[in-house]
Peer 1: 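A single structure is presented below for examination.
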Amino acid sequence: MHSFGYRANALLTFAITILALMCAMASVSDNFNSQSPTSEVQVLNINWFQKKPDGDDEVSLTLNISSNLESLFTWNTKQVFVFLAAEYGTPKNALNQVSLWDGIIPSKEHAKFWIHTTNKYRFIDQGSNLRGRKFNLTLHWHVMPKTGKMFADKIVMSGFRLPDAYR
């Protein structure tokens with residue numbers, strides 16, 4: 001006859017196996033969600049474009065950011081981290097990324113938003129590479145699930161250009 005310890009061990013092992021199987025099924029079921037987020041960003045104004053005393057270029061932008069990220073939310077989504085980055089190339093670096101704005105979306109009810117803002121973080125290039133430079137604004141997001149693997153994606157919006165002269 002098995003002792004109480006053996007029976008408790010068997011029951012606990014069975015319960016943990018079932019829990020792990022349920023977590024794996026939950027994680028796999030999240031892959032069947034079709035995502036179709038949309039976003040649009042408008043640069044309303046270039047507040048200033050200057051050369052700092054140390055020789056670096058600095059830009060301040062006024063932006064309208066509108067996004068619908070509701071399709072990223074499922075029963076397994078805990079929150080979504082979203083940020084807007086300016087991306088451009090220079091002779092020294094093929095890709096430069098500067099974060100302009102970020103936010104955490106805690107629920108599906110907050111996933112459709114419109115924000116009128118200036119860049120939250122400074123848009124600075126180390127050098128004098130921004131005059132007349134074309135750049136993309138890219139909305140990145142990272143979906144943080146309750147269980148399973150975190151994943152990220154982005155929407156690239158092109159066609160933006162900085163002025164040829166400082167102001």
Side-chain angles (χ1 to χ4, degrees), residues 27 29-167:
S27 183
S29 73
D30 220 20
N31 293 332
F32 298 116
N33 179 37
S34 64
Q35 300 172 354
S36 56
T38 59
S39 183
E40 182 181 339
V41 177
Q42 296 173 326
V43 176
L44 299 179
N45 189 28
I46 298 175
N47 303 324
W48 74 78
F49 181 31
Q50 63 189 13
K51 185 176 192 117
K52 294 176 28 185
D54 62 2
D56 296 343
D57 285 349
E58 181 177 11
V59 182
S60 173
L61 305 171
T62 300
L63 306 164
N64 272 349
I65 306 168
S66 64
S67 293
N68 183 352
L69 305 177
E70 291 176 333
S71 65
L72 299 176
F73 282 85
T74 65
W75 64 271
N76 191 30
T77 304
K78 181 176 182 179
Q79 65 186 10
V80 175
F81 174 71
V82 61
F83 69 96
L84 182 71
E87 298 179 343
Y88 60 95
T90 60
K92 189 174 180 181
N93 298 306
L95 178 64
N96 294 282
Q97 293 180 312
V98 180
S99 181
L100 301 177
W101 172 86
D102 67 3
I104 295 174
I105 303 170
S107 65
K108 190 173 187 173
E109 290 77 29
H110 297 97
K112 192 172 187 178
F113 59 90
W114 178 85
I115 298 172
H116 177 81
T117 185
T118 58
N119 44 304
K120 187 175 176 180
Y121 304 107
R122 298 173 74 183
F123 186 174
I124 297 176
D125 179 70
Q126 295 175 344
S128 300
N129 297 308
L130 291 181
R131 284 178 292 170
R133 179 77 53 196
K134 291 181 181 179
F135 66 98
N136 297 330
L137 290 174
T138 305
L139 189 76
H140 297 261
W141 61 84
H142 297 264
V143 177
M144 298 170 195
K146 294 174 184 167
T147 181
K149 190 171 94 172
M150 190 168 87
F151 70 92
D153 207 351
K154 62 185 175 182
I155 296 175
V156 178
M157 293 154 278
S158 59
F160 299 98
R161 185 181 180 91
L162 291 169
D164 292 324
Y166 297 119
R167 16 173 162 162

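All values below come from the heavy atoms of this structure, side chains included, with hydrogens, waters and symmetry mates left out.
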Peer 1: Tell me, please, which residues at least two apart from Asn93 pass side-chain contact (heavy atoms from CB on, under 4.5 Å).
Peer 2: Thr90, Asn96
Peer 1: Quick check: does any side chain N or O of Asn119 sit under 3.5 Å from a backbone N or O of Leu61, one acting as donor and the other as acceptor?
Peer 2: yes
Peer 1: Counting only heavy atoms not in His142, do more than 12 fall under 6.0 Å of its NE2?
Peer 2: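 Counting other residues, nucleotides and ligands, NE2 of His142 exceeds 12 neighbours.
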Peer 1: Taking salt bridge (charged side-chain N to carboxylate O under 4.0 Å, His left out) as the cut-off, I'd like each qualifying pair that reaches into residues 56-68, sequence neighbours left out, listed once.
Peer 2: Glu58-Arg122
Peer 1: For residues Ser60 and Asn47, is any side-chain donor paired with an opposing acceptor at under 3.5 Å?
Peer 2: yes
Peer 1: Near Lys146 NZ, under 6.0 Å, is it more than 12 heavy atoms from other residues, nucleotides or ligands?
Peer 2: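 Buried by this count: over 12 neighbours within 6.0 Å.
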Peer 1: Quick one, Leu84 and Leu63 - any side-chain contact, counting heavy atoms below 4.5 Å?
Peer 2: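 They are in side-chain contact.
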Peer 1: NZ of Lys134: more than 12 outside heavy atoms within 6.0 angstrom?
Peer 2: no
Peer 1: For Gln126, I'd like to know if atom CD has over 12 heavy atoms of other residues, nucleotides or ligands within 6.0 Å.
Peer 2: no
Peer 1: Search all heavy atoms of Asp164 against all heavy atoms of Gly132 and return the closest pair with its distance.
Peer 2: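 The answer is OD1-CA, 3.1 Å.
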Peer 1: Taking only residues two or more places apart in sequence, or in another chain, which ones meet Lys78 in a salt bridge (charged side-chain N to carboxylate O under 4.0 Å, His left out)?
Peer 2: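 Salt bridge (charged side-chain N to carboxylate O under 4.0 Å, His left out) list for Lys78, sorted by chain: empty.
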Peer 1: With under 30° as parallel and over 60° as perpendicular, where do the rings of His140 and Phe83 fit, or are they tilted in between?
Peer 2: parallel
Peer 1: Using a 3.5 Å distance criterion without hydrogens, assess whether the side chain of Arg131 forms a donor-acceptor pair with backbone atoms of Leu162.
Peer 2: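 No, because the side chain of Arg131 does not come within donor-acceptor range (under 3.5 Å) of the backbone of Leu162.
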Peer 1: So which heavy atom on His116 is nearest to which on Leu44, and how close?
Peer 2: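 Heavy atoms of His116 and Leu44 come nearest at CE1-CD1, 3.3 Å.
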Peer 1: Within the distance-only criterion (no hydrogens, no angle test), does the side chain of Asn64 pair as donor or acceptor with the backbone N or O of Ser66 below 3.5 angstrom?
Peer 2: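 Looks like no, no N/O pair under 3.5 Å.
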Peer 1: Val41 and Leu139: side-chain contact (heavy atoms from CB on, under 4.5 Å), yes or no, with the steps?
Peer 2: CA-CA 9 Å; Val41 177; Leu139 189 76; 5.7 Å; no
Peer 1: So does Ser99 get a backbone contact from the side chain of Lys120, meaning a donor-acceptor N/O pair under 3.5 Å?
Peer 2: no
Peer 1: Is it the case that over 12 heavy atoms from other parts of the model lie below 6.0 angstrom from the NZ atom of Lys52?
Peer 2: yes
